[in-house]
Amino acid sequence: MGVKKSLQTGGNLLNLLSSILTVLSTSTNYWIRQQGGHSGLWQDCTHGTCSNITCQNTLAVTAACMVLAAAFSIVALGMGIRIQCQEAESLRSQNTIVLLFLSGLLLLIALTVYTAKNAWKPEVFFSWSYFSGWLALPFSFIAGFCFLLADMIMQSTEAISGFPVCL
């Protein structure tokens, strides 16, 4: 397996991990723990009873960014698998790279907004759903860099293919 294929495989695996962590983080209600309960982006659970959270601007921005990041990551995964499986065609991965970096940027915005809103509250502790979102962030960016390097290798190979060079 060549370097290009290895980078694409690594990018797809990191993107798969990022997608799983982002969907898990977005869908669960363990972003913060407080006395007698926990809450997430969608529900607040106190003493075993969960109720929907009323609309708050910062929470709505966080939820929207997380949903978009998850969607972009999943679409990029499908595109990355297609790029890796198409041996005969020389597919460029520019759209996949853009989606992965955009997914990482949306994760960064969502988690920063949520952190700024909740970091100063007393008796509130961030929980595993929140940290899953932060863990997905570097995986998304590294997957984008893997596809970027694979694309650069493909471009350089195509650029020198016409020259009569003995290397």
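Scope of the values below: all heavy atoms of this structure, side chains included, with no hydrogens, waters or symmetry mates. Note that the structure is a prediction, hence the values are computed from the model and not measured.
- Taking all atoms of both residues into account, the shortest heavy-atom contact from A136 to T22 is CB-OG1, 3.4 Å.
- F139 and L13 fall into different hydrophobic clusters, where Ile, Leu, Val, Met, Phe, Trp and Tyr residues are linked whenever their side-chain heavy atoms come under 4.5 Å apart, directly or through other members.
- Both L107 and F131 are assigned to one and the same hydrophobic cluster, defined by single-linkage of ILVMFWY side chains at heavy-atom distances under 4.5 Å.
- When side chains are defined from C-beta on, I74 counts as touching V23, because their heavy atoms get closer than 4.5 Å.
- In this structure, I53 and G40 approach most closely via the heavy-atom pair CD1-O, 3.3 Å.
- Members clustered with L24: Y30, W128, by chain and number, using a 4.5 Å side-chain heavy-atom cutoff among hydrophobic residues.
- Atom CG of residue L105 and atom SG of residue C65 lie 8.5 Å apart, to the nearest 0.5 angstrom.
- Listed by chain and residue number, I32, Q34, K121 satisfy the side-chain contact (heavy atoms from CB on, under 4.5 Å) test with V124 (two or more places apart in sequence, or in another chain).
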Exercise. Are I20 and L16 close enough, and set up right, to give a side chain to side chain contact (heavy atoms under 4.5 Å, CB included), and what steps lead you there?
Worked result: CA-CA 6 Å; I20 291 170; L16 176 65; 4.1 Å; yes

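- Counting only residues at least two apart or in different chains, side chain to side chain donor-acceptor pair (under 3.5 Å) contacts with residues 99-113 are absent.
- Scanning all heavy atoms of the two residues, the minimum distance from F147 to S93 falls at O-OG, 3.5 Å.
- Remark: T28 pairs with S129 by the side chain to side chain donor-acceptor pair (under 3.5 Å) rule, at least two apart or across chains.
- Atom-to-atom distance recorded for L137:CG and I142:CD1 is 9.5 Å, nearest 0.5 angstrom.
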Problem set entry | Step-by-step side chain to side chain donor-acceptor pair (under 3.5 Å) determination, S25 to S132 | CA-CA 6 Å; S25 176; S132 294; 5.6 Å; no

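- Taking Ile, Leu, Val, Met, Phe, Trp and Tyr as members and joining any whose side-chain heavy atoms lie under 4.5 Å apart, directly or through other members, W120 forms no hydrophobic cluster with any other residue.
- Annotation: side chain of L21 is in contact with side chain of L17 (closest heavy-atom distance under 4.5 Å).
- When atom types are taken as modelled, the side chain of K5 and the backbone of Q84 share a donor-acceptor pair closer than 3.5 angstrom.
- Contact of the F72 side chain with the L106 side chain is registered, since non-hydrogen atoms from C-beta on lie closer than 4.5 Å.
- Partners of A143 by side-chain contact (heavy atoms from CB on, under 4.5 Å), not counting sequence neighbours, listed by chain and number: L14, N15, L100.
- Tracing side-chain contacts under 4.5 Å through hydrophobic residues (I, L, V, M, F, W, Y), one never reaches F125 starting from L59; they form parts of separate clusters.
- Note that CG of L149 and CD of Q8 are 11.5 Å apart. Values are rounded to the nearest 0.5 Å.
- To the nearest 0.5 Å, atom OG1 of residue T46 and atom CG of residue D44 are 4.5 Å apart.
- Q56 meets the side chain to side chain donor-acceptor pair (under 3.5 Å) test with K117; sequence neighbours excluded.
- The side-chain contact (heavy atoms from CB on, under 4.5 Å) check on T62 picks up W31, L41, M66, A110, V113, Y114, with sequence neighbours excluded.
- Rounding to the nearest 0.5 Å gives a distance of 7.5 Å between CD of Q35 and NE2 of H47.
- Among residues at least two apart or in separate chains, there is no disulfide (SG to SG under 2.5 Å) pair with a member in residues 119-149.
- Using a 3.5 Å distance cut-off with no hydrogens or angles, the side chains of Q43 and S51 do not pair a donor with an acceptor.
- Here W134 pairs with Y130 under the side chain to side chain donor-acceptor pair (under 3.5 Å) rule; sequence neighbours left out.
- Applying the side-chain contact (heavy atoms from CB on, under 4.5 Å) criterion to I81, with sequence neighbours excluded, gives N12, L77, C85.
- The number of heavy-atom neighbours closer than 6.0 Å to CZ of F145, taken from other residues, nucleotides and ligands shown, is 12 or below.
- Both F101 and V67 are assigned to one and the same hydrophobic cluster, defined by single-linkage of ILVMFWY side chains at heavy-atom distances under 4.5 Å.
- Taking CH2 of W42 as the start and CG of N29 as the end, the distance is 10.0 Å to the nearest 0.5 Å.
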